[in-house]
Every structure is written in structure tokens, then in C-alpha cells.
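Below is one structure, written out as C-alpha cells; the observations come after it.
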Amino acid sequence: MTNEILKTIEEMDRQTFREDLIGWFENEMRDLPWRKDQDPYKVWVSEIMLQQTRVDTVIPYFTRFLDKFPTIEALATADEDKVLKAWEGLGYYSRVRNLQSAVKEVHEKYNGKVPDQPEAISSLKGVGPYTAGAILSIAYGKPEPAVDGNVMRVLSRILLIWEDIAKTSSRKTFESAVRSLISHENPSYFNQALMELGALICTPTSPSCLLCPVREHCQAFNTGMQNELPVKSKKKKQRSVEMVAVVLRNDKNQLLIRKRPETGLLANLWEFPNTEVGLEFRSEKEQFEDYFKEKYQVEATLDDMVGRIEHVFSHLIWNIHVFTGQLKGPIQESSKLKLVTLEEIEQYAFPVSHQKILKEVVGKI
DNA sequence: CAAACGTGGGC
DNA sequence: TGCCCAAGTTT
């Protein structure tokens, strides 16, 4: 933290700032399902779900997830396929695999109680500096910073911090600022209020400064700079990937699906067999009949292309050329390769891209 | 430290 | 349409 920022903080009326902020939060906080109690497990689940994900999106997932896995014990002993199914459509699937792994550790090593020490909780898989601070403050009332994108935006404005919040290194500046601002009387509400303010008032574009409970403390508002902050560098464009996917059906109306590798993109989700291709081969079906013969020792004849799916990820774009086809002979099923009916397929977690494929072809087979 | 890692919504 | 965003973590 620079001397400039330190000076700004020291010149603030910090006690009034805390009271204004927390007082506003007590009146205006949204009624959210993870705010019904302070159960560390529920706080934990909500924080993982909320990573890079909107509140409105999370609400139904949170309710269903807690219904299916109400306790540490329930999640620790659940089948991963069921857990992934409960997460289907939420994205960033390593979040939930890390969560279950960490919950197992808590179940076995901490007798099912979420640790309340920074070092212990930070060592759990998927619990980074933000999530550790959120759980420690919200569930355990400890005065630890929980710096997310909201907090960086809000504090960049209040304290006139010109660091690029897209840089990994910037978080430390904001953590230091929170440590010197945080209410020791109510760290939970202080942290939540900062985030709530960012979500409801101090928004990325056109912040509602006239409704802001702490505008008198805000250096950006006082100097008319609220629209210049935060400084955030652009992310680069996605690269495109051409691929072919095939919905293969046998004479019993079963479809062939496979499990993705246990690391990397969409790890351990299920999908229709597919392969990356060059632009020039995307509609040459004979190539893919050969591919399936080699990869699965299965005889398949493909129909003409039935559709094309574009799916945009944060870092790449899949352009999927979809074929249907018939499976001619038997196939050796395994834990990663299955034949399933249209009814059974609902138990398997698919990425949204492959849900689109199923929807595209389901009327045509 | 930059890149990988999903998805749906807003403008 | 294309770009940005939304309560980040891991490698």
C-alpha cells in the first residue's frame, strides 16, 4: 500500500465510515438463501458457487445443492457423478470437485468441523484468499479481509486507488486497506456490506452515487472521478477451435457417451464422442468413421451433418460440427464409455455445449 | 504472473 | 454482434 493511500485512510473518519456502511447494509441487504444462518458449510458452498457467478444464477443451484447435500458428511460421502450433476450448468467445474475433496478432508481430519484458523482453511482445495476471508469473517466473525471484484471496485473509488485490478498483485493492496478499515465489532457485516454496495450501488458502470451511504467518505465522488475507476486492463480474445461430434445410436436406441479426462477443461463431465479437426476436414464424414473404428474398435456409419453448434467459453470458442450415425456392432462399455437411453442420459452431467448437441439432434433420431 | 477454467445476461 | 461482466483459484 502506498503512502498516498495510507494517508487517505488516516484522514478518513473510519468509525463513521463503518457505521454508515454497516447501517446501510442492515437496512438494505438482500434476502438470500445463504444468509439464513451462519453455518460454515453453507457459507462455504455459497462462496464457491458465487465465484465469478451472478447471485441470480446461484440461488436455485444453492437451494438444490443444499437439499441434496445438506451436511459436510453428505457431501463427503456422495458420488462425484451426482455432485457434478448438481453443478451442471454452473461452470468452472473444478470448483465443485475441489469443494468435495476439501469437504472430505474436513470430514476426516477435522471431525467434520470447518476449521476457523486462516492457515488451516487456506490449505483446503479451492479455498483461496477471498474464500478463506469470507468464511472466517461471515461464519466465524473474524476480522479478515475478503477481497473480491466488488471490494476492489468500491475501494478503488473510495480511496482513489489507481492500480490495475486485473493484475494478480493488486489484491494485496486492497487486503491491506481492508485490514485498516474493517470493523472489529462486526467484520461479517463489514465485508458483506462492501460487496453488497458494489453489487447494488457502486456498480461497474454508472454507479448510483447519490444513493450511496458512504459518498461523503468517497474520494472518487468528491473529485468526480467515479467513472474513471477502477482501472482494469482488457482480457484478450478467445481462440476458435473446430471440432466434430457424433451422436451414435445402436439398434436398441441407446446413445454412446464418454467421460472426459479427470483434468483440464470440463474435467469428468460426460460428452458425445468428438475430436478436434482442421477447417478443411470438418464435413468429411468418412474421416470420422475411421476415427471411431480406430479409437473404439467400433463400426459406425455416419449420416450427413445435422447441425453446427457454437459454444463460447471464457478463453476459447468451440465450433462443433454435429453428425448422427449408427453403431453397427457391439461395443465394450466401461466406467468411461457407456451406452445409455434417452431416459438414462439425464443422470449424467453434460457441459452446456453437449446439452445443445443433444437438443439439436434429439428430434432427428 | 498470465493463462486456464464456464456460463448466461446486459447493453 | 461483440465485449464486458459476476462474491476467484490453480498452475
- Query: To the nearest Å, how far apart are A:Phe350 CZ and B:dT7 P?
  - Reply: 13 Å

- Minimum-distance nucleotide (side-chain atoms of A:Lys236 versus B:dC5, C:dC5, B:dA3): B:dA3

- Drop me the distance from A:Tyr140's OH to A:Ile121's CD1, to the nearest 0.5 angstrom. 6.5 Å

- Query: Of the nucleotides C:dG8, B:dC5, C:dC5, which one has an atom closest to the side chain of A:Pro204?
  - Reply: C:dC5

- So what does A:Val55 touch, heavy atoms closer than 4.0 Å: a base, only the sugar-phosphate, or nothing? base

- Item | Separation of atom CG in A:Asn98 from atom C1' in B:dC5, rounded to whole Å | 11 Å

- Message: Under 4.0 Å, counting only non-hydrogen atoms across every strand here, what does A:Leu266 touch: a base, just sugar-phosphate, or nothing?
- Response: sugar-phosphate

- Query: For the side chain of A:Leu265, counting heavy atoms from C-beta on, which of B:dC5, B:dG8, C:dA6 is nearest?
  - Reply: B:dC5

- Query: Do A:Gln15 and A:Glu19 have a side chain donor and acceptor closer than 3.5 Å?
  - Reply: yes

- Item | From CA spacing to verdict: ring pair (Phe, Tyr, Trp, His ring centres under 6.0 Å), A:Phe292, A:Phe288 | CA-CA 6 Å; A:Phe292 288 105; A:Phe288 309 114; 7.8 Å; no

- Message: Taking the minimum atom-to-atom distance to the side chain of A:Lys237, which one of C:dC3, C:dA6, B:dC5 wins?
- Response: C:dC3

- Note on the structure: Rounding to 0.5 Å, atoms CD (A:Glu28) and CD1 (A:Ile201) come to a distance of 7.5 Å

- Task: Could you check whether A:Thr131 gets within reach of a base, just the sugar-phosphate, or nothing at all, counting any heavy atom under 4.0 Å?
- Result: sugar-phosphate

- Item | Pairwise P distance, C:dT9 and B:dG8 [rounded to whole Å] | 22 Å

- Just call it for A:Trp34: base, sugar-phosphate, or nothing, with non-hydrogen atoms closer than 4.0 Å on any strand. base

- Message: Over all strands shown, is A:Thr168 touching base, sugar-phosphate only, or nothing at heavy-atom distances under 4.0 angstrom?
- Response: base

- Query: Between B:dG6 atom C1' and A:Ile309 atom CD1, what is the distance in whole Å?
  - Reply: 16 Å

- Note on the structure: Whole-Å distance, A:Arg95 CZ to B:dC5 C1', equals 10 Å

- Message: Assess, by modelled atom type and distance only, whether the side chains of A:Thr173 and A:Glu163 contain a donor and an acceptor separated by less than 3.5 Å.
- Response: yes

- Query: Contact class for A:Arg153 vs. all strands (heavy atom < 4.0 Å): base, sugar-phosphate, or nothing?
  - Reply: sugar-phosphate

- Taking only the side-chain heavy atoms of A:Tyr130 (C-beta and beyond), determine which of C:dT10, C:dG8, B:dG6 contains the nearest atom. C:dG8

- Query: So, does the side chain of A:Ser314 form a donor-acceptor pair with the base of B:dG6 at under 3.5 Å?
  - Reply: yes

- Rounded off to whole Å, could you give me the OH-to-P distance for the A:Tyr92 and B:dG6 pair? 8 Å

- Query: How would you label the contact of A:Gly198 with the nucleic acid (heavy atoms, under 4.0 Å): base, sugar-phosphate, or nothing?
  - Reply: nothing

- Note on the structure: The answer to which of A:Val127 and A:Lys234 contacts DNA chain C further toward the 5' end, by nearest nucleotide, is A:Lys234

- Task: For A:Leu124 and C:dG8, give me the distance from atom CG to atom C1', rounded to whole Å.
- Result: 16 Å

- Atom P, compared across B:dA4 and C:dA6: separation rounded to whole Å: 22 Å

- Message: Students often get this wrong, so: under 4.0 angstrom with heavy atoms, is A:Arg35 touching a base, only sugar-phosphate, or nothing?
- Response: base

- Separation of the P atoms in C:dC4 and B:dA3, to the nearest angstrom: 15 Å

- Query: Taking for each residue the nucleotide of DNA chain B with the nearest heavy atom, is it A:Ser169 or A:Phe313 whose nucleotide lies nearer the 5' end?
  - Reply: A:Ser169

- Query: For B:dT7, does OP1 or OP2 lie under 4.0 Å from any side-chain N or O of A:Tyr93?
  - Reply: yes

- Message: Once you measure the plane-to-plane angle for A:Phe350 and A:His354, does it fall in the parallel (<30°), tilted (30-60°) or perpendicular (>60°) bin?
- Response: tilted

- Begin with the C-alpha distance, continue with both residues' side-chain angles, and end with the deciding distance and a verdict on ring pair (Phe, Tyr, Trp, His ring centres under 6.0 Å) for A:Trp87 and A:Tyr61. CA-CA 7 Å; A:Trp87 206 270; A:Tyr61 280 94; 7.5 Å; no

- Item | Distance in angstrom units between A:Lys235 NZ and B:dT7 C1', rounded | 11 Å

- Item | Between C:dG2 and B:dC5 - P atom distance, rounded Å | 23 Å

- Message: I need the OH-P distance between A:Tyr61 and B:dG6, as an integer number of Å.
- Response: 13 Å

- Ignoring hydrogens and angles, are the base of B:dG6 and the side chain of A:Thr53 linked by a donor-acceptor pair under 3.5 Å? yes

- Message: Measuring from the side chain of A:Lys232 (C-beta onward, heavy atoms only), which nucleotide among B:dG6, C:dC5, C:dC4 has the closest atom?
- Response: C:dC5

- Which listed nucleotide (B:dT7, B:dG9, B:dG6) is nearest to the side chain of A:Arg54? B:dG9

- Under 4.0 Å between a side-chain N/O of A:His315 and OP1 or OP2 of B:dC5, yes or no? yes

